[in-house]
Structures are given as C-alpha cells and as structure tokens.
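For reference, positions follow the sequence shown, starting with 1.
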Amino acid sequence: MKKYLETGKIVGTHGVRGMVRVQPWSDSGEFLKQFKYIYADANGNKKIKINSVQPHGNVVLMQLENVNSIEDAEKLRGTVIYIDRKDVKLPKGRYFIDDLIGCAVFDADTNETLGILSDVSSTGANDVWHIKRDNKEYLVPAIDEVIVSVEIEAERIVIRPLKGIFDDED
C-alpha cells in the first residue's frame, strides 16, 4: 500500500496573499481539514505546512506556509498534492480508491472470481466500480446492497452483483 496518497490538485490562486485553490479528490473538502501537512510529491520529499483550510464550493482554499503572494501561489498551480496515510482517520467502511484498485472481486454466493477492480467513477449518487474480466469491463454500483465485504490487506472484495450485470439473465 502506498504511503503517500493523491488527494487533490492545486488549480489556481485566491486573492493576493498566496492562498491556493485545491480541487479535492475526496468525498468532501471537509476531509482536508484534518491535515497539518500536505506533500508536493509522491515520495513525501516536499512537505508543506498547512496554515488554514476552508472548503469553498467545489474547491478548498488553503493557506500554505511560505506562500505569501499571488506569485508564490501561481508557481504551485497544477501541483498534485499528497497526504501521508498515517495522518488519515477514515470512518469504518470507507476506503482509498488507490487501495481498492487491483483487488480481486468475488461473487458472495458462488465464490466465483468476477474480475479485478480497475477503476472507480464518482457519479454523485454513488461510486461505480469498474471490474475487468476477459477484456470486458463491468460497471457495478458501490452500494450497500451490492458490497458484502472489503478486505484491503487480502486484496479481496466480495459482492452480490445485481441481476444481469455479469450474465444475460432476464
């Protein structure tokens, strides 16, 4: 499992005092309020202290240490930001997409291998899991009625698919 996880992207500036606008890659911008630091690289080498976080519509406004002007903030535009996994407190039943991708997916009733989870799409109402099998992709809603168990350490997901997704049932 990756130690540093992508959590958003700096997409612009806000004001003239160095505040940046971050597009969060999480369920909500509120998620980013729990962190004291972000990282500007996937290896955790570029640690940046967060002075303030404020959700603002579909973005998050962040004031970062040593970013004090619009020019400083503009240099960060396009930067993907990361968080350290050890700093995260996820509620039970919530997972990082990075941890889900690559997990084997099994049918809860038959134990048949349904494929490998290859991607997750956010649709607003619920996420949709992309499961690849035999050069085909199946789209499965990530809802309580479908998801039976997720075992990240074992890289195993058990689902009870809706009728017709993996077969041609009527």
Side-chain angles (χ1 to χ4, degrees), residues 1-11 21-45 50 53-62 78-170:
M1 293 194 319
K2 295 179 185 176
K3 179 170 172 47
Y4 297 98
L5 303 166
E6 292 181 5
T7 194
K9 183 176 186 177
I10 297 175
V11 295
R21 289 185 306 120
V22 174
Q23 176 187 41
W25 295 342
S26 56
D27 293 341
S28 155
E30 291 287 325
F31 175 76
L32 295 176
K33 290 175 89 172
Q34 69 182 293
F35 301 99
K36 291 184 169 68
Y37 298 95
I38 57 170
Y39 300 84
D41 73 314
N43 299 316
N45 296 323
I50 300 171
V53 176
Q54 177 184 345
H56 185 73
N58 64 345
V59 297
V60 173
L61 304 178
M62 278 190 185
T79 301
V80 173
I81 62 171
Y82 298 80
I83 54 172
D84 189 332
R85 177 186 296 277
K86 73 175 176 52
D87 296 335
V88 179
K89 295 165 191 72
L90 280 181
K92 187 177 189 238
R94 306 298 287 178
Y95 310 95
F96 290 111
I97 290 173
D98 275 350
D99 293 341
L100 293 172
I101 292 176
C103 286
V105 181
F106 298 88
D107 186 297
D109 299 319
T110 66
N111 205 34
E112 172 191 2
T113 302
L114 298 173
I116 302 293
L117 196 142
S118 62
D119 199 6
V120 176
S121 298
S122 295
T123 64
N126 57 268
D127 286 349
V128 174
W129 289 358
H130 300 240
I131 299 172
K132 285 202 172 177
R133 176 174 75 178
D134 300 331
N135 296 322
K136 288 179 95 176
E137 183 176 69
Y138 300 89
L139 302 179
V140 176
I143 56 177
D144 290 341
E145 295 81 14
V146 172
I147 311 302
V148 174
S149 68
V150 176
E151 303 165 39
I152 296 296
E153 293 78 21
E155 297 183 359
R156 177 182 170 87
I157 298 171
V158 178
I159 67 171
R160 186 164 284 116
L162 299 173
K163 202 174 215 178
I165 291 180
F166 288 94
D167 52 37
D168 295 326
E169 294 177 352
D170 293 327

Strictly distance-based, threshold 3.5 Å: is any side-chain N or O of Asn43 a donor or acceptor partner for the main-chain N or O of Asn45? no

Pairing of Arg85 and Asp98 as salt bridge, 4.0 angstrom limit: no

Write down the atom of [X], the atom of [Y], and the distance for their closest heavy-atom approach.
{"X": "Leu114", "Y": "Pro161", "value": "CD1-CG, 4.1 Å"}
{"X": "Val60", "Y": "Pro24", "value": "CG2-CG, 4.0 Å"}
{"X": "Arg133", "Y": "Thr113", "value": "NH1-O, 3.7 Å"}
{"X": "Gly78", "Y": "Lys9", "value": "O-CE, 3.5 Å"}
{"X": "Ile157", "Y": "Cys103", "value": "CD1-CB, 3.7 Å"}
{"X": "Leu162", "Y": "Pro141", "value": "CD1-CG, 3.7 Å"}

Is any side-chain heavy atom of Ile152 closer than 4.5 Å to a side-chain heavy atom of Leu100? yes

Within-4.5 Å side-chain heavy-atom neighbours: Trp129 and Val105: no

Return yes when atom CG of Asp144 has more than 12 non-hydrogen atoms of other residues, nucleotides or ligands closer than 6.0 Å, and no otherwise. no

Flag yes if more than 12 heavy atoms outside Lys3 fall under 6.0 Å of its NZ atom; otherwise flag no. yes

Hey, could you give me the [atom1]/[atom2] distance between [X] and [Y], rounded to the nearest 0.5 Å?
{"X": "Asp87", "Y": "Tyr4", "atom1": "CG", "atom2": "OH", "value": "8.5 Å"}
{"X": "Asn58", "Y": "Ser28", "atom1": "CG", "atom2": "OG", "value": "11.5 Å"}
{"X": "Ile50", "Y": "Met62", "atom1": "CD1", "atom2": "CE", "value": "4.0 Å"}
{"X": "Ile97", "Y": "Ser122", "atom1": "CD1", "atom2": "OG", "value": "5.5 Å"}
{"X": "Asp127", "Y": "Asp119", "atom1": "CG", "atom2": "CG", "value": "10.5 Å"}
{"X": "Glu155", "Y": "Leu117", "atom1": "CD", "atom2": "CG", "value": "11.5 Å"}

Hey, mind stepping through Phe31 and Thr7 against side-chain contact (heavy atoms from CB on, under 4.5 Å) and telling me if it holds? CA-CA 10 Å; Phe31 175 76; Thr7 194; 4.0 Å; yes

Criterion side chain to side chain contact (heavy atoms under 4.5 Å, CB included) against Ile143, the qualifying member of Val140, Val146, Ile147: Val146

Exactly one of Thr79, Val22, Ile81 clears side chain to side chain contact (heavy atoms under 4.5 Å, CB included) with Ile38, and that residue is Ile81

Could you pull out all residues at least two apart from Phe96 that satisfy ring-ring contact (aromatic ring centres under 6.0 Å, His included)? none

Test side-chain contact (heavy atoms from CB on, under 4.5 Å) on Arg21 and Ile10 and set out the steps. CA-CA 6 Å; Arg21 289 185 306 120; Ile10 297 175; over 6 Å; no

Taking side-chain hydrogen bond (donor to acceptor under 3.5 Å, both in side chains) as the definition, give me every residue that meets it alongside Gln54, ordered by chain and number, with sequence neighbours left out. none

Given Ile159 and Phe166, is the side-chain contact (heavy atoms from CB on, under 4.5 Å) satisfied, shown in steps? CA-CA 12 Å; Ile159 67 171; Phe166 288 94; 4.2 Å; yes

Go through Trp25 and Val80 one step at a time and tell me if the side-chain contact (heavy atoms from CB on, under 4.5 Å) criterion holds. CA-CA 10 Å; Trp25 295 342; Val80 173; 3.9 Å; yes

